[in-house]
Each structure stands twice: as C-alpha cells, then as structure tokens.
Amino acid sequence: MKLNKQDILNALKTISVPGEGENMVDSGAVTNVVTFADEVIVDITIKNPSLQAKKKTEVDILQTIHREVYEKAKIKVNLKVDAPVKPITNEIKGKPIPGIQNIVAVASGKGGVGKSTVTANLAVTLAKMGFKVGVLDADIYGPSIPIMFDVANERPLSVNVDGKSKMKPIENYGVKVLSIGFFTKPDQAVIWRGPMASKALNQMIFDAAWGELDFLLLDLPPGTGDIHLSIMQALPITGAVVVSTPQNVALADAKKGVAMFQQDSINVPVLGIIENMAYFTPAELPENKYYIFGKEGARHLAEDLDVPFLGEVPLVQSIREAGDVGRPAALQTATPIEEAFEELTRNVVQQVVNRNENLPATEAIKITTMAGCSAVNKK
C-alpha cells in the first residue's frame, strides 16, 4: 500500500504534545513527514526532555498511524529534544552586610600557589585605585594576611556601633584587615573542629565594624571544605576568583575549586582564574621568559571551563620578599610588578561590574546532608 503524507498529518493532529496540550502538527513539533510506499518517517522535536515524554511521544505516533492510516505501515520516528535553556541564576548567598557592596572570595584548590599574596596585592591595588577595601583572612589554620600587611603584632579594639560592641579591623595601606592571627600567638597552632572555626569566622564577619566598603576580599583556605561552605552560608558572596600556578598538579585542584563554586547547590559566580608564578625573567636578561611551572596552564584551563582569564603574575623574588616584610609588591611604583597587578585588578573589577549587571541576588545555602547543600530562603 502506498501511504499518503496528508493522511499521516491528519492522524498526527489527533495527538497532543506531552505537557503542551496542542496537537503535534499545529504546534510545529512535527518538522517533517516523508512517505515511500508503505514506509513513513516522522521527524519531531519536543521540549520535554524526560524519558517518559519521549517514549510516550514515540508510542503515540506508532499506534495512531497504525490505527488511523495503515496497520502494517513501517514507521520510523526521529525524535529530538529542544529543552528551553535554563535561565542563569547565580545567586548572592547569605545576609547582606550593611555598607559592603561586593564580597569577592579568593580561593585555590591547592596550597602554596600564592593565593594570600594575590589577595594582599589585589587589596592594595584596589585601594590605590580609590576603592574602600577590606580583607577577611578566612584561612583559620594558616593565617598569613597579618604578616603581609605588617600588622602581625596588632590587636583589634572594641568600638561601639549603634549600641553594640564591635571589633574594629586593623588598617594599613588603606585596607581594613581582620584575621584569626590577631587572636593567637605566633607559635600557637589553631586546633579547632569545623563548628568552632565557623563560629570564629562568623564573629569576624558580623561582629566587626567594617564600615563602608566597595570590596571585601575573602582569603579562603586551600581546598573545598567546611570553611568554604560555612562562608557561603553566612556571606553574600558576589563572586569567586581562583588562583593557580601553570603546573598540572595545581590545575587539577584549581579545576575542583571552580567546580565547587559552580555546583547547582552553591552557584557562586566564578569571576575568573588568575595564573600566579606564570614565568621567571632574570634581571640580567629582561627579555627572556622561563616557564618553570609550565606555560599558560591556567589560561588554557580558563578556556576549557569557559570562565574569564583574569591575568598572570610573574615569578619575581621581590613579590615574595615584599610579602615577607609586610609591604605588598603592588605598592611599588613604575615597575612591571605594579603594572601586572593593576591589569589583574582592572579585570577583576570589570568582571564584578559584569556580574552585577547580568545576574540577580536571591538565595542562601543550607547544608541538608553530609553529601551537599540545598538552596533555601534565608530570612
């Protein structure tokens, strides 16, 4: 028997698209019908991606053509799914802190990649640009920000704000700083379980007189652990910056750091990746670059993960020396180091601007099981 295309279409008009109500021909779901003798090919596109919807659609087409047109018809159904794109909803987490406009987490999957050094130099560069800046050293077990800002021997004072006693951050180079290092002796190890560390962080966040800030930078500990989740529960994080060296060992962990922030249950915007110790240039050979840890590994990772590459910082002895003596290298003037950190900082600021223009602020996260988190409204 020779099948007629119009008969097939009339039969398909008696079937509705799963979840849409309208018949599959008038709705445009059926994109093509081809007949040849007793064979028929039906091309159809549906929006429901579920296995149940796909199976129902295919079975309905087969049964209807066999019943309404020809019971021995040889039918092939080419089914495609064109699900609507899920809207981008990167949320700001936690309760906003009055006076703080943007909170940027600086993270790394691996220790020793220069995350605290990058944080300190980002902070002083932002301050040089005229922004009001604060740094919260969230690395409870290895606080190094006090040393890098030459304030290791300082202790925060108590001030009265609206009738409440608050910690006054230590200030140097135009940057306000708080760290657990201010409350421990230099040779004292912090041996705390997660809940104690989280409580200490909450006190430094919410019991501090930060005042008006354009940027609060969070120097997170390495890895993807309890402190990170506690921070994201408590704070309205605008976005995260991930620091890595170019070597594969560091990149593997940086990838996990990006993946943590991008999880559906966490969903913190990743502003980009910074490559630290990108290359070494000897003073006596200023035109030469030696890629000690590998070449452009973090740049390629950013491309692979489809996140911005924010810039690279060379491996320079004076950056390490400046951090050790408590005067971040970005405070230097008219040097390649200053230029590198200025370019890096401009890129971070631009990504924050882009993020705030394009993405809404909505939910906080709440840990519901040991396996992960879920989003809930926080009052």
Side-chain angles (χ1 to χ4, degrees), residues 88 90 93 102-123 125-126 135 138-139 215-225 227-228 231-232 237-264 266-280 289 291-316 319 328-330 337 339-356 358-359:
I88 298 174
N90 283 308
K93 315 295 179 185
N102 300 287
I103 299 178
V104 177
V106 184
S108 69
K110 188 173 183 62
V113 298
K115 168 182 50 60
S116 296
T117 300
V118 168
T119 303
N121 283 283
L122 273 175
T125 305
L126 285 167
V135 174
D139 195 346
F215 290 92
L216 176 63
L217 303 185
L218 308 179
D219 183 27
L220 295 179
T224 56
I227 298 298
H228 304 76
I231 284 284
M232 287 181 284
I237 297 181
T238 307
V241 168
V242 176
V243 179
S244 179
T245 55
Q247 69 189 106
N248 287 338
V249 171
L251 293 170
D253 289 337
K255 196 173 190 177
K256 295 173 187 174
V258 172
M260 174 189 69
F261 290 114
Q262 291 182 335
Q263 280 190 26
D264 287 343
I266 292 175
N267 210 18
V268 168
V270 177
L271 302 175
I273 296 177
I274 294 171
E275 183 170 271
N276 194 24
M277 309 182 211
Y279 57 85
F280 172 67
K289 289 183 178 181
Y291 298 93
I292 296 173
F293 295 110
K295 187 175 182 181
E296 298 183 343
R299 184 188 293 272
H300 295 148
L301 178 63
E303 292 172 358
D304 291 344
L305 298 179
D306 195 25
V307 298
F309 179 70
L310 297 171
E312 59 187 20
V313 180
L315 179 61
V316 179
I319 295 179
I337 296 171
E339 291 176 9
F341 279 114
E342 282 187 350
E343 180 183 358
L344 190 67
T345 306
R346 281 195 296 268
N347 290 339
V348 171
V349 172
Q350 184 60 57
Q351 290 303 321
V352 171
V353 171
N354 294 346
R355 179 257 178 274
N356 289 338
N358 298 323
L359 301 174

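Numbering starts at 1 and runs along the sequence shown.
- A side-chain donor from one of Gln350 and Asn354 sits under 3.5 Å from a side-chain acceptor of the other.
- Checked options Leu218, Val243, Leu220; the residue passing with Val106 is Val243 (criterion: side chain to side chain contact (heavy atoms under 4.5 Å, CB included)).
- The two residues Asn121 and Ala329 have their closest heavy-atom pair at OD1-N, 3.0 Å.
- Shortest non-hydrogen contact noted between Pro314 and Ala340 is CD-CB, 4.2 Å.
- Rounding to the nearest 0.5 Å gives a distance of 12.0 Å between OH of Tyr279 and CD1 of Ile292.
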Subject >> Criterion side chain to side chain contact (heavy atoms under 4.5 Å, CB included) on Ile103 and Leu217, from CA distance to verdict >> reply: CA-CA 6 Å; Ile103 299 178; Leu217 303 185; over 6 Å; no
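- Nearest heavy atoms, Leu344 versus Leu310: CD1-O, 3.5 Å.
- Lys115 contributes atom NZ, which lies 13.0 Å from atom OG1 of Thr245 (distance to the nearest 0.5 angstrom).
- In this structure the side chain of Val313 reaches within 4.5 angstrom of the side chain of Phe341, judged on heavy atoms.
- By the 4.5 Å heavy-atom criterion applied to side chains, Leu216 and Val104 are not counted as neighbours.
- Every residue meeting the side-chain contact (heavy atoms from CB on, under 4.5 Å) condition with Pro246, not counting sequence neighbours, appears here in chain and number order: Glu275, Phe293.
- The shortest non-hydrogen separation linking Ser108 to Val113 is CB-CG2, 3.6 Å.
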Donor-acceptor contacts, no H, no angles, side chain residues 300-308, under 3.5 Å, sequence neighbours left out:
residue : atom : partner : partner atom : Å
His300  : ND1  : Glu296  : O            : 3.2

Original post:
Arg355 and Leu271: side chain to side chain contact (heavy atoms under 4.5 Å, CB included), yes or no, with the steps?
Top reply: CA-CA 8 Å; Arg355 179 257 178 274; Leu271 302 175; 4.1 Å; yes
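- Every residue two or more places apart in sequence or in another chain that forms a ring-ring contact (aromatic ring centres under 6.0 Å, His included) with Phe215 is listed here: Phe131.
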Original post:
Where do Asp219 and Ser116 land on the side-chain hydrogen bond (donor to acceptor under 3.5 Å, both in side chains) test, with the steps shown first?
Top reply: CA-CA 6 Å; Asp219 183 27; Ser116 296; 2.6 Å; yes
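- Smallest separation of non-hydrogen atoms from Ile273 and Ala298: CG2-CB, 3.9 Å.
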**OP:** Before giving the answer on side chain to side chain contact (heavy atoms under 4.5 Å, CB included), spell out for Val349 and Val352 the whole-Å C-alpha distance, their side-chain angles and the decisive distance to 0.1 Å.
**Re:** CA-CA 5 Å; Val349 172; Val352 171; 5.7 Å; no
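- Here the side chains of Glu312 and Ile274 are not in contact, with every heavy-atom distance at 4.5 Å or above.
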